[in-house]
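These notes concern the structure reproduced below.
Both backbone and side-chain heavy atoms feed into the values below; hydrogens, waters and symmetry mates do not. Every number for a ligand or one of its atoms is a count from 1 in the order of the listing.
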Amino acid sequence: MNLSTVLIVVAGFALGAQVWFLFEYLLHRFAMHHLHGKGIMSREHLLHHVAAGWTFSTTHLLSWAGMLLVGWLAWFPLGWITVNPAFGASLAVGWSFGYFFYEWVHAQAHLSAPRNRYQRRLRKHHFHHHFGHPMANHGVTIRFWDRVFGTLESPEQVRVPRRMAQPWMLDEDGELLPEHRADYVLVGTRRSTPESNEEDRVAAFASVAPSD
Ligand SMILES: [Zn+2]
Ligand SMILES: [Zn+2]
């Protein structure tokens with residue numbers, strides 16, 4: 001591989017990943033929240049807001065396959081036509097990398113406590129989106145596009161309805177662990193009822209914050 005091919009591959013990979021990060025923002029804001037549950041992508045995402053947790057489901061396989069197809073059926077030929085096959089392939093690989101990085105960051109945000117500044121900042125960013133303002137903070141891996149499009153909100157403390165607290169936030173009595181008290185505050189009661197479940201569903205599909 002000569003130097004120009006290496007540069008083309010690196011540039012293609014970096015661009016592909018950046019294109020994903022922009023799409024992550026646009027899809028989350030417009031194809032998921034603005035559609036209020038119309039179509040499978042929006043419905044599945046808003047159900048994620050109702051459940052407020054991350055579990056693997058078979059619909060993940062559908063979106064993984066869909067995003068890989070976009071990479072290889074759209075970005076690969078586009079990069080091939082505009083530059084060359086190596087650029088097209090690295091664009092598709094970069095896009096796929098960006099997408100799976102997003103899936104991993106999102107799942108980890110729900111499943112495990114932050115271990116560094118990046119994870120801490122991104123979890124606050126994402127949980128304010130869930131519990132404070134679902135029409136803000138659409139980026140999950142980076143906050144850059146929220147800043148660009150004016151949807152960035154970073155409150156000092158993020159309010160978390162007790163029934164929706166993430167397992168890693170709590171001690172065995174269901175109280176906030178001391179290390180998370182600077183970032184989060186628990187509100188409301190722990191118990192969910194059929195009425196509160198229905199309220200959560202209505203709120204999620206309207207893209208408004210769940211009540212205390
Ligand atoms: Zn989430
Ligand atoms: Zn959302």
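Within the 2.8 Å limit, His129 places no N, O or S atom next to the Zn ion (ligand 1). For His45, the nearest N, O or S atom to the Zn ion (ligand 2) falls under 2.8 Å. The Zn ion (ligand 2) has no N, O or S atom of His130 inside 2.8 Å of it. Residue His48: no N/O/S atom is found under 2.8 Å from the Zn ion (ligand 2).
Side chain to side chain, His106 and His48 meet the donor-acceptor criterion of an N or O pair below 3.5 Å. One side chain, Asp146 or His125, offers a donor N or O that lies under 3.5 Å from an acceptor on the other. Judged by distance alone, the side chains of His28 and His45 do bring a donor and an acceptor atom under 3.5 Å apart.
For His126, the N/O/S atom at the shortest distance from the Zn ion (ligand 1) is named NE2.
Aromatic rings of His110 and Phe127 (six-membered ring for Trp) have centroids within the 6.0 Å cut-off, being under it.
For the atom pair Leu35 CG and Ile40 CD1, the distance stands at 13.5 Å (nearest 0.5 Å).
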